[in-house]
Amino acid sequence: MLKRTHTCGQPRLANAGTTIALNGWVNTYRDQGRGLLFVDIRDRDGLCQVVFDLEHGNPDLVQKARALRREDVIGVRGTLRQRSGEPNHKLATGEVELAAEELEIFNKAENPPILPDDHDAEKINEEIRLKYRYIDLRRPRMQHILRTRSKVTKLARDYFAANGFAEVETPLLIKSTPEGARDFIVPARLHQGMWYALPQSPQLFKQILMVAGFDSYIQICKCLRDEDPRADRQAEFSQIDLEMSFVEREDVMTMMGGFAHAVWHDILGYDIGEIAQMTWQEAMDRFGIDRPDLRNPLEIREITDIVAGSEFQVFQQAIEKTRAGRAGCVKAIRVPGGAEKLTRKMTDGYTEFVKQFKTGGVAVAKFTAAGFETGIAKHLDPFKDALVARLALQAGDSVLIVADHWDTATKALGELRLKVGRDLGLVNESEWRFLWVIDFPMFDWDEDGQRWVAMHHPFTSPNPDQFHLLESEPGKCLSAGYDLVVNGSEIAGGSIRIHRMDVQEKVFKLIGLTKEDADAKFGFLLSALRHGAPPHGGIAFGLDRLLMHLVGTDNIRDVIAFPKTQSGGDLMIDAPGPIDEQQILDCGMKVTLIEKKS
RNA sequence: GGGGUGGUAGCUCAAUUGGUUAGAGUUCCGGCUUGUCACGCCGGUGGUUGCGGGUUCGAGUCCCGUCCGCCUCGCCA
């Protein structure tokens with residue numbers, strides 16, 4: 001085999017005059033006639049121009065090279081020389097070329113269905129790219145992304161190892177849990193009729209590792225949740241998972257903040273500085289979302305108290321609503337200069353937009369020196385002075401108003417704020433705005449189930465000063481959870497855990513888990529808590545989403561080597577697929593599909 | 001489970017109101033071409049219009065069903 005002496009991105013003018021060899025794929029070829037042929041050879045780190053000509057090579061060599069086609073795999077040996085033509089400044093190797101003296105064709109390639117060309121890739125149907133993922137991954141962009149991913153995981157191992165963390169693997173075949181996402185399940189052949197579940201996270205195992213005295217644990221692991229994917233969500237995803245003993249909230253946040261700092265510094269050369277903190281309540285009030293994008297200057301203000309006396313039916317009806325113990329509300333966004341910037345077509349679109357969040361629409365009014373104009377102006381005029389003060393209105397602004405249940409209005413305006421910000425170009429895309437969101441509520445009231453559900457997960461501890469609310473007013477009890485948010489995206493989330501059994505039992509009871517159920521599902525955890533559990537807490541960093549930010553993509557499939565589609569399929573290996581009858585029988589089962597109702 | 005959108009040559013797209021033999025660029029194949037680098041010039045191959053049914057003298061186009069991709073709501077402790 002003709003082995004390489006360099007990779008294709010390496011040759012420089014300083015190497016000119018030496019004999020080198022390259023291995024790689026034929027990226028393109030440019031045949032200039034019988035005596036001269038250019039071939040760009042590509043490997044993981046770049047392109048280098050190879051020249052076949054009659055001055056350096058013999059006629060047989062040139063003839064052999066003329067048969068080369070895109071994606072053939074070759075080895076070339078020859079003399080590196082300065083280009084006699086113009087240098088190509090688009091290539092790192094653009095000043096030199098390899099004058100070929102020897103060519104080995106390792107493998108002729110069939111005419112490729114797609115080419116590994118970043119220029120084309122944006123246009124190519126993703127379905128085709130996923131089917132031929134081995135060609136798509138040859139693209140420089142994809143090589144860069146997956147190598148960045150590798151750098152990040154190495155950085156994580158180095159950073160946490162330096163801080164005394166031990167990497168411990170937790171099992172993939174575990175037991176189904178009642179709370180949370182739908183589990184992927186696996187039949188247990190040796191226990192016929194019984195099932196394993198694949199882990200949604202190593203949560204309970206890492207807590208038990210704390211009880212087991214490991215003190216500080218890290219794992220870069222796969223997590224599996226059988227729920228519908230999104231652009232930034234896959235059923236199978238990776239996280240950097242850690243847990244620490246003898247710590248309080250700030251200790252975990254400091255440790256993880258340090259990691260985020262290291263990642264942005266080492267990968268992007270960017271100093272993220274001190275990470276700000278904000279309570280969940282403030283985030284919801286000002287931004288309508290628990291992961292605010294602070295690059296967007298628009299803010300939400302509640303005006304329920306101001307318009308409480310309004311005769312406007314929409315306001316009245318909203319205020320009279322109650323749900324989950326919260327009164328309905330009227331909230332507004334001031335859009336600076338909106339009177340001119342927001343067209344009728346846009347504001348009509350906004351009403352359609354918010355309907356998907358189950359609210360009726362958006363009321364719009366312009367504000368001028370003379371007062372409110374258009375839309376619901378006449379309903380706002382009676383409250384003009386108070387509204388001007390509350391919203392800091394200036395002539396030329398617009399106000400967007402939603403009146404509904406508290407959670408509906410908050411969600412609708414939170415999403416609308418993002419959309420208006422994008423539409424008007426208010427977001428500085430080159431900025432990084434990090435934020436810790438803290439003081440989450442322990443529980444959400446589930447209207448359908450008429451019970452409390454854990455907002456984070458049921459092992460999250462209340463904040464130290466909140467224990468007394470656990471039984472008296474669970475709805476007001478704040479947790480010791482924390483989310484790390486960057487540019488409106490949650491990239492890490494965790495909490496201080498409950499380390500005392502009596503507290504854990506109270507929480508289970510609150511979320512409607514009977515003692516028997518709790519013992520059956522989590523008996524091992526309760527037992528562990530009785531046998532010397534240290535105060536502990538942890539956090540998990542979403543590796544895929546982290547990479548999306550670092551490489552600048554809004555498609556999670558771009559940062560996963562072999563991702564799945566929205567229907568959970570792998571188009572390359574054509575999974576999922578059927579299994580042999582015998583495989584089913586081995587598990588003591590037979591399969592009967594329930595017919596879909598039409 | 002709901003909403004939206006798309007599927008035509010290997011790839012990216014076009015095709016008027018339902019009307020001739022479904023076109024173009026590119027890949028590929030052949031020829032030409034000694035300084036190109038998204039090389040260039042000439043010629044050629046290439047089609048179950050996702051699949052199944054229906055309406056019609058006639059369907060890529062209209063209707064019904066179905067499969068697949070993407071976006072999204074629900075969901076994601």
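Every chain is numbered from 1, with letters handed out A, B, ... down the list of sequences. Hydrogens, waters and symmetry mates play no part in the numbers below; they use all other heavy atoms, side chains included.
- Ranking B/rC76, B/rU33, B/rC11 by closeness to the A/Ala181 side chain, first place goes to B/rC76.
- Listed by residue number, A/Glu126, A/Glu127, A/Ile128 are the residues of residues 126-138 of chain A with a heavy-atom contact under 4.0 Å to RNA chain B.
- Note on A/Arg34: a side-chain N or O is less than 4.0 Å away from OP1 or OP2 of B/rC32.
- Taking the side chain of A/Glu227 as heavy atoms from C-beta on, and the options B/rU34, B/rC76, B/rU27, the nearest nucleotide is B/rC76.
- For the pair A/Thr565 and B/rG69, the criterion of a side-chain N or O lying under 4.0 Å from OP1 or OP2 is met.
- When both distances must be under 3.5 Å, the Watson-Crick or G-U wobble mate of B/rC70 is B/rG4.
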Could you run down nucleotides 38-43 of chain B 5' to 3' and tag each one B, S or - for protein heavy-atom contact under 4.0 Å?
BB----
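- Electrostatic pairing of A/Arg12 and A/Glu95 does not count as a salt bridge here, judged by no charged N lying under 4.0 Å from a carboxylate O.
- Using a 4.0 Å cut-off, some side-chain N or O of A/Ser567 falls inside it from OP1 or OP2 of B/rG69.
- No N or O donor and acceptor, one from the side chain of A/Arg225 and one from the base of B/rC76, sit under 3.5 Å apart.
- For a distance-only test at 3.5 Å, the side chain of A/Arg66 fails to qualify as a donor-acceptor partner of the base of B/rG31.
- The nucleotide B/rC57 finds its pairing partner in B/rG19, both defining distances of the Watson-Crick or G-U wobble pair being shorter than 3.5 Å.
- Under the Watson-Crick or G-U wobble criterion, with both distances below 3.5 Å, B/rA38 has no partner in any strand shown.
- When the nucleotides B/rG35, B/rC71, B/rG74 are ranked by their closest atom to the side chain of A/Arg557, B/rC71 comes out on top.
- Of the candidates B/rU34, B/rU27, B/rG30, B/rU34 carries the atom nearest the A/Leu54 side chain, counting heavy atoms from C-beta on.
- Nearest to the side chain of A/Gln49, among B/rG10, B/rC37, B/rU72, sits B/rC37.
- The side chain of A/Gln566 approaches B/rU72 more closely than any other nucleotide in the set B/rU72, B/rU36, B/rC73.
- Judged by atom type and distance alone, A/Arg83 reaches the base of B/rC37 through a side-chain donor-acceptor pair under 3.5 Å.
- Out of B/rC28, B/rU72, B/rG69, the shortest distance to the side chain of A/Asn125 is found at B/rG69.
- For A/Gln356 against B/rG74, no side-chain N or O and base N or O form a donor-acceptor pair under 3.5 Å.
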